[in-house]
Every structure is written in structure tokens, then in C-alpha cells.
Amino acid sequence: FDEVIVDIATKRKQYPRKILECVIKTLKARHE
Amino acid sequence: MSVDPMTYEAQFFGFTPQTCMLRIYIAFQDYLFEVMQAVEQVILKKLEGIPDCDISPVQIRKCTEKFLCFMKGHFDNLFGKMEQLFLQLILRIPPNILLPEDKCQETNPYSEEEFQLLQKEIKELQEKYKTELYTKQALLAELEEQKVVEAKLKQTLTLFDELENVARDHGTSDFRESLVSFVQNSRKLQNIRDSVEKESKKLKIS
Amino acid sequence: GTTFSRVKLLDTMVDTFLQKLVAAGSYQRFADCYEHLHRLQPETTQRIHDKFITQLQASIREEISEIKEEGNLETVLNSLDKIVEDGKNHKGPAWRPSGTPERDLCSVLAPYFLQQRDTLRRHVQKQEARNQELAEAVLAGRRQVEALQQQVQAQQQAWQALRKQRRELAAVLMEP
């Protein structure tokens, strides 16, 4: 249970930024 | 009692506060046991050094267990209180506090519906932009076409102008009019010729 | 609402915990448990008890330092103090993850999509204005072509009339 919590929390912390990086790259590529 | 998984705290600390407290509890408890064990070892050594000592190791073990049991009780009670304070005051994100990585949730909250609308609008704008680009190409293509047509037409007009100029170069101001007057004059000439011929016939006859 | 240093509070709590634990494990209590030894050698018992207390405190303090070291706890707690300080004027409960990542992501991505939308809007407006100019130029060009066509037509007709008259002339001249 504890590991699951830490895993989820870590993803919540890191994934938005990672997803954002991909989205920004996609938007830039689409823009170009 | 529902367990508060404290996921938001775990997001900040990288561990769950409960695990942290468990880690501290186990460490403290281990030390308590270790020190008690060391105390017992020291006492047994001391007793070995006392001649005719009637205290047996079993008795000492009983004393150790009694003292440890007492200490453990207090230890758990005190640790429980400390843990509560830790979880309330130290390893806790106050409810009114947002972590930096979540700032955007407050600066520009966006619901799923709004987000879908936004994406729909972007799609429409992209289509519109494409249409405008096609329009631009069509307009530019027509402008190119117009240039060609205009050049052709001007070329034709130039041709006509050159014709005029040719005529003018040969003494006639306006070529067309001169041709018209030429036709009229030649028609007069024909009439004169006809009348001359008629007269000469009359003369022959008489 | 009062701001405090979490690191200091942690140290205070551990100190308090130790004080109370030591108080619970008083010499009196120790002597009661080890009464035979206490009766036989009270000084030794006292020394052993003192050693017990000192060792226990040292071990626990060392453990806390290790944990602070391991989890970089001081820096983390100080940064939490800062975050709390910065957000202390925020009344009411702050946002928390909804448990549906897609939903939570919307606010993260929205600024960038809004930026894209504004850029697209600008491009569309610029292109529309540009196309407006082009359309006017095309209309003017059409008018120009039409005028030229009329000119050519007029010239053509005049020359055709001329050609007709020339034919007449030829006919007249050719007459016997």
C-alpha cells in the first residue's frame, strides 16, 4: 500500500512536467 | 477508521509520513532493546566478578524483562504522542497550501469540458487557417494568370498601335481614316472614269 | 497560522520524547527492577543506569541525525516552511489531486493550448487581412483585364470594319 502511494505521488509530481514537455514539442512541431 | 494515505505529503517528501514514522519507531525501539541488552551484559559481567554472588542470570533476565516491559510501555505511549505531532505539524502539507508544481491548478484552473472546448476551437482555427492559405494560393494564382492575360492583351493592343504607327509613318495621319477617304476617292475616280467613258462613246457615235 | 521552523520543532519533539522517556526510566524504577543488584552494589547500579540513559539518548539522537541526513530532511522541511509561508494568505482548502489524472492535467496543459490558440488566431487574422488585400487586387485585376478586353474588342471591330471596307474597295477596283 505504501509503495503504491509513493508510486502514485511520484507520478503526480513528475508526469505532468514530462507530459507537458511532450505536448510543447508536439505543439511546436505542429506549428512549424 | 479510514486511513489517510497522505498522498499529497508523499508527493512532496517522496515517502509517506507514516513510513517515515515507522522507520523512526523501529530504529528507536531497536536502540532501546540494544541498550537494554548491553545493560544486561554489563550486569552479568559485574556479577561474575562478585565472589559468592547468589544472583543468577535468570533472575537478572527477569529484571531486564520487567524493566524493558515498563520502558517499552512508556516508549510506545510517548512515541504515539510524538508521532501524532509529527504527522500533524511537521510531515504534513497544511490544507490551504498548494505545492509549487501544482500552482497552475490555482492560477488557471481548467475543467475537462473547458479543455475540450479549447481543443475544438484550436481545431477549427487550424481548419480556418488552412482555408485561408488555400484562398491565398488561389488568389495569387489568379493574379499570376491575370498578369499573363494582361500581357497578352497589351501585346495585342501594341500590335494595333504598331499598325497605326506604320500608317502614320507613311504620311497618313490616321491610317483608318485615310483608308476610308482612299475608298471614297477611288469611288469618285470610278464615277469620273464612268462618265468619261460615257462621253467618249457619245463622241464616237456622233 | 503561526509560522514555525519544522526542523526546530522536530528537534524539540525528539528532545521532549527523550526527556519523558528518561524520566520514565528513572533510577528509582531501574533500582526497583534490579533490586538484588541494587542491594548488593548500589554505586555500580547507579553507574550502569547512568550509562544506560546516556547510551539511549546518544543512540536516538544519532538515529535522528542519520534520518535527517538520509532524507535530506532539513532542506526539505525548510523548503516546506517556505512554501507554507508563501501560501499562508490562501484561505480555504487548496486544490488537491482529483484522482483522475486526465482531469488534473487540463490545468497543466491549458496555458500552452491557450497560447497556441492565440497564435493561431493571430495567424488567421493576419492571413484574412492579407487575403482581403489580394482579393481587392484580384478584383482590380479583373476590371483591368475586362477594360483591356474591351479595348482589344473595339480595336478588333474597327479593324474588321476596315477589312470589310477594304474588300468593298477591292471589289470596286476590280470592277471591269
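Residue numbers start from 1 in every chain, and the chains themselves are labelled A, B, ... in the order their sequence lines are given, proteins ahead of strands.
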Against chain B, label A/Arg30 side chain, backbone, both or neither, depending on which of its atoms sit under 4.5 Å from a heavy atom there. side chain
B/Phe33 CZ: over 12 foreign heavy atoms closer than 6.0 Å: yes
Go through the atoms of B/Glu9 and report whether side chain, backbone, both or neither lie under 4.5 Å from a heavy atom of chain A. neither
For atom CD of B/Gln29, decide whether the heavy atoms of other residues, nucleotides or ligands shown that lie under 6.0 angstrom number more than 12. yes
For atom CD of B/Glu197, decide whether the heavy atoms of other residues, nucleotides or ligands shown that lie under 6.0 angstrom number more than 12. yes
Quick check on B/Lys123: does its NZ atom have over 12 non-hydrogen neighbours (other residues, nucleotides or ligands) under 6.0 Å away? no
What distance do B/Glu101 atom CD and A/Tyr15 atom OH have between them, rounded to the nearest 0.5 Å? 15.0 Å
If you count the non-hydrogen atoms of other residues, nucleotides and ligands that lie under 6.0 Å from NZ in B/Lys128, is the total more than 12? no
When rounded to the nearest 0.5 Å, the distance separating CG of B/Asp4 from CD1 of A/Ile5 is 8.5 Å
Which distance, rounded to the nearest 0.5 Å, do you find between the CZ of A/Arg12 and the CG of B/Asp102? 9.0 Å
B/Gln11 side, atom CD; A/Gln14 side, atom CD - distance, nearest 0.5 Å: 10.0 Å
I'd like to verify something: which residue of A/Ile8, A/Val6, A/Thr10, A/Asp2 has the highest number of heavy-atom pairs under 4.5 Å with chain B? A/Asp2
In Å, rounded to the nearest 0.5 Å, how long is the span from CZ of B/Phe15 to CD of A/Glu3? 15.5 Å
